[in-house]
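Just so it is clear, the structure is predicted and the values come from calculations on it, not from any experiment. Here is how names work: the chains are called A, B, and so on, in the same order as the sequence lines, proteins then strands, and each is numbered from 1.
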Amino acid sequence: MNQSFGKEYKLCRRKLIDGVFKTGKVIKQYPFVVHFLEVDEKLEAPFQVTISAPKRNFRKAHDRNRIKRLMRETIRFNKMILEDKISKSQKNIIMFMVYTSREEIPFTTLMKKNELLFEQIIKNIE
RNA sequence: AAGGCAAACUAGUUUAUCGCCGUCUCGAUUUAUCGGGAGGGAGGAAAGUCUGGGCAGUAUAGAGCACCGUACUUCUUAACGGGAAGGUCUCGAUUUAUCGGGAACAGAAAGUGCCGCAGAAAGGAAAACUACCCUGAACUUGUUGAAGGGAAAAGGUGAAAAGGCGAGGUAAGAGCUCACCGUGCUUGUGGUGACACAAGUUGCAAGGUAAACCUUACGGACUGAAAGACCAUGUAAACCAAGGCUUGAGGGUUGCUCGCCCAAUCUUGGAGGGUAGGUCGAUAGAGCCCAUGAGCGAUUGUGGGCCUAGAUAAAUGAUAAACGCUUUAAAGUAAUUUAGAGAACAGAACCCGGCUUAUGGUUUGCCUUUUUU
């Protein structure tokens with residue numbers, strides 16, 4: 001089982017990010033808010049995601065790094081949920097994830113929340 | 001034992017599983033990817049962006065004014081507003097001469113401004129409220145004290161009242177005179193110097209404030225890695241129209257003035273193309289460690305060794321276990337055992353030198369307080 005989660009999963013093309021916000025859908029699963037969109041373009045990875053921890057909630061750079069690392073770890077563990085679905089269809093998914101809580105939440109609960117979130121995305125696409 | 005100050009060190013360790021970002025290397029082929037291996041991967045402040053440089057671009061023909069910064073001395077350094085050593089003033093402690101702090105520590109005899117309240121008077125060679133002295137008026141002849149003058153010694157106000165204190169002197173007083181002290185000036189000696197010490201003086205006739213303007217001395221081009229260079233893409237300093245031509249439009253030269261340089265490269269409008277990617281800059285440096293020489297020290301000479309993060313919506317993480325540390329509770333005379341909890345401040349973004357701020361722990365030195373012997 002390939003659990004790697006490298007550079008190719010990063011969404012950093014400005015046009016795609018603008019597209020996610022203009023035409024994508026929104027799902028809230030506290031503490032996450034995700035904007036996502038199905039695209040026909042061929043990407044380097046099955047899905048691409050941008051992770052964001054707002055400066056408004058975490059003033060210190062050290063805290064923002066901590067939150068983003070935890071989020072990346074949860075996505076890495078749960079990515080098979082999305083990849084199974086995507087491998088059946090020909091489309092790719094791009095996402096913009098925002099962490100909305102003002103405090104750090106334990107890793108185990110973040111895992112469950114993230115799992116729920118990805119299942120909701122799949123239902124929504126279907 | 002607790003608290004405070006200063007200095008130094010440290011910033012949990014190991015293993016397993018799954019991952020992240022570079023570097024080197026091997027193999028495979030579809031020549032651009034895949035797979036394997038080796039090795040590296042945040043800090044003492046990476047922070048604040050307060051300073052000094054390097055580096056890069058623009059410009060180099062300068063001068064004056066303006067503006068900004070610094071301000072005891074000597075040294076140190078690439079440089080500094082940093083650091084070292086020292087001087088002066090000042091605060092605290094006592095062991096009275098030492099120790100430990102602090103200082104926006106140049107100039108008030110160039111000029112201007114300001115000094116609230118209180119007080120008679122607050123800067124003008126000023127000022128007389130009480131009380132003092134002299135002259136002197138009135139009458140009740142020992143009282144009241146008009147008026148004029150003297151006087152800064154006493155009281156009172158104030159942060160500050162015009163050198164301090166004592167003696168002489170005087171109507172009462174006054175540096176008016178004298179001794180001592182303080183302070184200014186001159187000379188000499190010592191010191192690289194800031195200054196110190198000594199002697200003299202027919203100076204004391206006059207405050208503070210420059211963290212008010214100001215004066216003096218010294219220094220200062222501007223911008224900032226989103227700098228900048230190259231590659232890729234695009235006909236793009238391209239195209240169309242109008243105005244403007246050597247009798248000088250316009251541009252550059254720090255903000256202004258003068259001066260200087262370039263000189264039709266210009267101005268306005270219209271229509272319209274494309275990028276927002278990559279490589280370098282960018283990690284071998286005023287570098288770090290060790291030894292040794294010079295110096296009180298900051299620092300520096302010489303020799304040897306080492307290579308030590310380079311990301312770019314931004315890498316160093318997650319989970320589990322063990323050990324170590326701190327702490328709480330229980331058991332025990334004690335060593336200790338068991339169980340629980342905790343581990344700070346904080347994330348490189350071109351690179352260095354400093355400063356400042358945040359912060360867990362350990363050690364050493366000094367000081368204070370309390371308890372026991």
**Q** On RNA chain B, check which nucleotide each of A:Lys68 and A:Lys60 is closest to and give me the residue with the more 5' one.
**A** A:Lys68
**Q** Please name the nucleotide paired to B:G273 by Watson-Crick or G-U wobble geometry with both distances under 3.5 Å, or report none.
**A** none
**Q** What residues, two or more places apart in sequence or in another chain, satisfy side-chain hydrogen bond (donor to acceptor under 3.5 Å, both in side chains) together with A:Ser101?
**A** A:Tyr30
**Q** Does any nucleotide pair with B:C214 by Watson-Crick or G-U wobble geometry, both distances under 3.5 Å, and what is it?
**A** B:G107
**Q** With sequence neighbours left out, what residues match A:Phe36 under ring pair (Phe, Tyr, Trp, His ring centres under 6.0 Å)?
**A** none
**Q** Return the pairing partner of B:A127 with a 3.5 Å limit on both distances, Watson-Crick or G-U wobble; otherwise return none.
**A** none
**Q** Could you tell me how far B:G52 sits from B:G81 if I compare only their P atoms? Round to whole Å.
**A** 9 Å
**Q** Which atoms of nucleotides 41-47 of chain B (N or O only) lie under 3.5 Å from a protein N or O atom, and what are those distances?
**A**
unit_1	atom_1	unit_2	atom_2	d
B:A42	N1	A:Arg69	NH2	3.4

**Q** Answer with base, sugar-phosphate or nothing: what part of the nucleic acid does A:Ile51 contact at a heavy-atom distance below 4.0 Å?
**A** nothing
**Q** Just to verify, what does A:Asn124 make a side-chain hydrogen bond (donor to acceptor under 3.5 Å, both in side chains) with, not counting sequence neighbours?
**A** A:Lys25
**Q** Before accepting this row, confirm whether a basic side-chain N of the pair A:Arg76/A:Glu73 lies closer than 4.0 Å to the acidic partner's carboxylate O.
**A** yes
**Q** Pairing check on B:C20: which nucleotide meets the Watson-Crick or G-U wobble criteria with it, both distances under 3.5 Å?
**A** B:G41
**Q** Looking only at atom C1', what distance separates B:G57 and B:G35, rounded to whole Å?
**A** 47 Å
**Q** Of all the choices, B:G317, B:U319, B:A313, which nucleotide is nearest to the side chain of A:Thr50 once you look at every atom?
**A** B:A313
**Q** Sticking with atom C1', work out how far B:A59 lies from B:U253, rounded to a whole angstrom.
**A** 7 Å
**Q** Hydrophobic cluster membership, with links at side-chain heavy-atom distances under 4.5 Å among I/L/V/M/F/W/Y: are A:Val33 and A:Met97 in one?
**A** no
**Q** Got a list of protein N/O to nucleotides 309-312 of chain B N/O distances below 3.5 Å?
**A**
unit_1	atom_1	unit_2	atom_2	d
B:U312	OP1	A:Lys7	NZ	2.5
B:U312	OP2	A:Lys7	NZ	3.4

**Q** Looking at B:G200, which nucleotide sits across from it as a Watson-Crick or G-U wobble partner, both distances under 3.5 angstrom, or is there none?
**A** B:C185
**Q** Which glycosidic conformation, syn or anti, is assigned to B:U265 if syn requires a torsion within 90° of zero?
**A** syn
**Q** Let's test this: given Watson-Crick or G-U wobble pairing with both distances under 3.5 Å, identify the partner of B:C323.
**A** B:G12
**Q** Using the C1' atom as the point on both nucleotides, what is the distance between B:U90 and B:G48, in whole Å?
**A** 33 Å
**Q** Base, sugar-phosphate, or nothing for A:Arg72, non-hydrogen atoms under 4.0 angstrom?
**A** sugar-phosphate
**Q** Does A:Arg64 use its side chain to pair, donor to acceptor, with the backbone of A:Arg59 at less than 3.5 Å?
**A** yes
**Q** For B:G100, what is the paired nucleotide under Watson-Crick or G-U wobble rules, both distances under 3.5 Å?
**A** B:C91
**Q** Using Watson-Crick or G-U wobble geometry with both distances under 3.5 Å, which nucleotide pairs with B:C355?
**A** B:G48
**Q** Can you tabulate the close N/O pairs, meaning under 3.5 Å, that link protein atoms to atoms of nucleotides 48-50 of chain B?
**A**
none

